[in-house]
Amino acid sequence: MIDRSNLFTADYSVVADISVMAICICCSIFLFQSYLRGSGRIRSIVCMMCLIFVSSVTNIQSHALINRANPVLIYLLRSTHNFCILAVLVLYISYISVPLWLSAERRKRYLRLVSVLSLFTVLADLVLSLLKVGYYIDASGEVHKNPQRNLYAIMFVILTAIIFYLLIKHRNRLIKQVFRGLFGSILTTLLMMGIQGRHGQTSYTTLAYFFPVLGLIFFFHANPYDVDTGAVSDSFLYPELDSALDKNRPMYILNTHIAGFSSELAKSQEVHLEFNKFFRDSNVRGVLYRLPHDHLTLAFYASKKENPERTTLQIIDAFKRSYSKFKLDFKVTVLKTSSDFTSAKDVINFLDHIEKELPINSVHYTTAEDIARYRSKADILRELNDIQSRGDFDDERVLVYCQPVYSLLTGKYDTAEALMRLRGEDGSLLYPDQFISIAEQHGQIHTLSMTILNKVCKQIHILLEAGYHIQRISVNFSAIDLRCDTFCDDVCRIIEANKIPYGKIAVEITESRSESDFSLVKQRVIDLQRRGIKFYLDDFGTGYSNFERIMEIPFDIIKFDRSMLIESNKSDSSEFMVCTFANMFNQLDYSVLFEGVENDSDEAHCMKMSASYLQGYKYSRPIPIEQLSHFLTFDNKVQEMLDEQNGIEPSG
């Protein structure tokens with residue numbers, strides 16, 4: 001039978017311990033109803049709360065059973081109470097050592113030290129009680145305390161001091177708000193224990209050491225739910241995905257981007273209600289995460305009771321029913337994780353890659369081919385990053401091919417277009433459609449362009465030194481290149497470094513819709529043309545063509561795309577239209593180059609349409625630039641010298 005009078009004495013009140021037990025129960029409910037329970041580190045928090053709870057229970061029991069039970073039982077309960085608090089402090093030190101970035105060896109050393117000291121304290125205090133020289137109960141039931149031999153108080157101070165030391169020494173490894181919060185919670189504990197000791201109390205020991213645990217929950221495990229949608233924060237998707245991949249446990253992921261979802265959710269009650277309905281129906285099957293930029297990701301494991309493919313179809317059907325009511329544009333990617341992925345970040349990057357290629361309002365079920373393309377892109381991106389970081393304009397992985405251009409004005413091959421290729425990590429040859437867009441997206445295109453220009457200039461220098469006649473070679477540049485503030489300086493610096501005339505280089509660009517790009521292109525053309533560099537307008541006749549803008553920029557050559565040649569063969573009216581364009585450009589002193597000339601018929605047709613230059617497979621496929629000399633002729637003076645050496649009389 002419990003003597004309730006022992007629960008409300010001069011030095012102890014049960015109220016604090018009961019309050020701690022209630023708080024522990026509430027916190028446990030909150031944690032287990034949130035997605036925090038899936039985190040590995042949260043288990044340490046749960047363990048600390050369990051120890052706090054047990055500490056409160058045993059503290060109550062040790063006081064309630066005084067005069068009602070064998071003193072040894074009371075000693076054991078008291079030891080359990082204090083051991084639990086010591087264990088909480090040991091776990092606390094273990095926990096904070098991670099965000100404080102302690103090395104594994106130092107962490108082990110600290111934990112070994114405090115664990116041994118804690119166990120020694122528990123055993124030594126128990127022995128002192130049995131020997132009746134520390135805390136003990138005499139035969140009459142009177143409790144004796146010896147403050148000078150209170151080993152637990154000494155150990156509490158030692159462990160608290162270690163925590164203070166670690167926080168202060170490594171405070172620069174924490175953001176200041178977290179440091180202040182953790183430091184404040186420990187300081188509160190110390191103050192409470194000091195005040196309690198000064199007034200001869202033992203009521204608030206467990207409560208005092210519960211505050212640091214609450215600090216960890218607040219600062220490292222804040223509410224994971226998005227308040228607008230009920231979805232879990234994206235920070236919890238990564239550890240869940242990593243866990244699934246580590247355990248080789250397939251997870252089904254429905255990654256959705258809904259354009260304008262956040263703003264519509266905020267201003268439309270109907271959208272909010274419809275989403276809540278969809279959330280209730282779909283979240284039973286898995287966990288919904290909210291990611292940045294209007295992304296929602298539903299993740300669930302395959303169940304033995306349900307067919308995951310059928311479950312996926314049901315969720316997609318429910319989503320489409322909701323879409324039909326509000327018509328918010330979307331993209332949905334469906335993925336089943338596998339050993340093809342190495343980490344959560346790898347999965348998210350793959351989903352982003354697929355989404356960029358999807359049309360609006362479509363659902364895509366990923367395939368092995370998708371993963372292979374993603375891997376190929378990742379390999380290319382890694383190589384491009386390396387090329388960018390090295391900044392070597394002679395990088396052997398960047399290859400220059402060219403396509404000779406036939407001049408109807410001279411009847412010779414005296415110009416060419418430079419074409420970029422890339423040598424892959426596996427030695428394969430990569431074509432522009434495989435890497436140019438990646439380089440533009442990730443900021444490596446300017447390095448590639450300058451590398452091609454440098455190699456073209458070197459080859460022109462070699463050809464000129466060997467006596468070949470080369471009018472010019474054109475190099476393609478993107479709008480991103482022209483936006484670079486140092487574009488003109490970079491081009492001029494490379495040409496000058498290779499000691500060739502400016503006129504031996506032509507810059508090929510495509511027309512831009514952007515008004516700012518147009519103004520910039522115009523200025524770049526004017527700046528470089530003053531130096532003698534020629535400019536080509538590439539791909540005329542495809543997509544967007546604005547004659548007013550073309551007339552404003554002093555291009556030297558207009559390149560008609562093959563589509564114009566094909567169109568001109570369809571009817572007399574089409575031929576008349578294309579021929580009119582070509583004649584107009586000629587009258588305005590623009591030369592016209594037709595691309596995609598594949599046979600004699602194409603050639604004859606282009607000659608009727610005022611062409612000055614012809615380029616295409618009829619003349620040559622793209623070749624390594626080192627082979628361009630096979631198409632060129634020698635300069636007149638060099639040719640005369642060679643003829644003289646060979647005994648050939650000069651003509652005329």
Side-chain angles (χ1 to χ4, degrees), residues 402-418 470-479 481-482 487-488 491 501-515 517-569 574-597 602-616 619:
C402 70
Q403 191 168 31
V405 175
Y406 182 71
S407 171
L408 292 171
L409 304 176
T410 63
K412 298 177 181 179
Y413 297 97
D414 53 13
T415 65
E417 178 186 3
I470 178 74
Q471 192 72 20
R472 76 187 72 89
I473 296 179
S474 63
V475 179
N476 288 278
F477 291 94
S478 74
D481 285 311
L482 280 96
F487 175 73
C488 291
V491 170
Y502 283 102
K504 298 300 179 182
I505 290 294
V507 172
E508 282 198 31
I509 56 176
T510 54
E511 192 178 359
S512 171
R513 291 173 181 265
S514 167
E515 186 67 35
D517 278 350
F518 168 73
S519 302
L520 190 64
V521 168
K522 184 177 179 180
Q523 188 59 50
R524 298 284 193 253
V525 171
I526 292 171
D527 289 347
L528 291 178
Q529 275 188 334
R530 289 180 184 144
R531 306 280 189 123
I533 295 174
K534 303 294 184 182
F535 272 81
Y536 292 11
L537 175 64
D538 197 14
D539 295 336
F540 175 76
T542 62
Y544 176 78
S545 292
N546 185 316
F547 281 100
E548 182 181 355
R549 288 187 172 183
I550 293 173
M551 295 301 105
E552 283 191 46
I553 298 178
F555 288 107
D556 297 285
I557 292 179
I558 308 296
K559 297 185 70 172
F560 279 41
D561 187 75
R562 174 164 171 77
S563 61
M564 296 286 279
L565 179 57
I566 294 172
E567 188 66 30
S568 69
N569 280 309
S574 296
E575 181 181 358
F576 175 78
M577 180 182 66
V578 176
C579 190
T580 300
F581 287 150
N583 286 328
M584 179 186 66
F585 284 126
N586 272 306
Q587 291 171 13
L588 293 170
D589 292 328
Y590 294 91
S591 295
V592 173
L593 186 157
F594 275 91
E595 294 183 286
V597 180
D602 285 345
E603 181 183 63
H605 202 58
C606 291
M607 293 174 69
K608 287 196 314 182
M609 294 189 295
S610 304
S612 299
Y613 299 95
L614 302 176
Q615 178 181 348
Y619 310 104

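We number each residue from 1, following the sequence as shown.
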Ser610 vs Asn583, side-chain hydrogen bond (donor to acceptor under 3.5 Å, both in side chains): CA-CA, chis, key distance, verdict: CA-CA 6 Å; Ser610 304; Asn583 286 328; 2.3 Å; yes
Note, Phe540 side chain near Met564 side chain (heavy atom, < 4.5 Å): yes
Val597 vs Tyr406 side-chain heavy atoms within contact, under 4.5 Å: no
Salt bridge (charged side-chain N to carboxylate O under 4.0 Å, His left out) partners of residues 604-616, not counting sequence neighbours, each pair once: Glu575-Lys608
Any Val405 side-chain heavy atom under 4.5 Å of Leu614 side chain: no
Summary of side-chain hydrogen bond (donor to acceptor under 3.5 Å, both in side chains) pairs that have at least one residue in residues 585-596, sequence neighbours excluded: Lys559-Glu595
Heavy-atom check, side chain of Leu537 versus side chain of Ile557, under 4.5 Å: no
Worked check of side chain to side chain contact (heavy atoms under 4.5 Å, CB included) between Tyr536 and Val507: CA-CA 6 Å; Tyr536 292 11; Val507 172; over 6 Å; no
Arg472 and Asp414 ion-paired at < 4.0 Å: no
Partners meeting salt bridge (charged side-chain N to carboxylate O under 4.0 Å, His left out) with Asp556 (sequence neighbours left out): none
Short side-chain to backbone donor-acceptor contact, Glu417 and Val475, under 3.5 Å: no
Stepwise side chain to side chain contact (heavy atoms under 4.5 Å, CB included) check, Phe585 with Phe555: CA-CA 10 Å; Phe585 284 126; Phe555 288 107; over 6 Å; no
Heavy-atom side-chain proximity of Ile473 to Thr415 below 4.5 angstrom: no
Candidate pair Glu603 and Tyr619, rule side chain to side chain contact (heavy atoms under 4.5 Å, CB included), full reasoning: CA-CA 10 Å; Glu603 181 183 63; Tyr619 310 104; 2.8 Å; yes
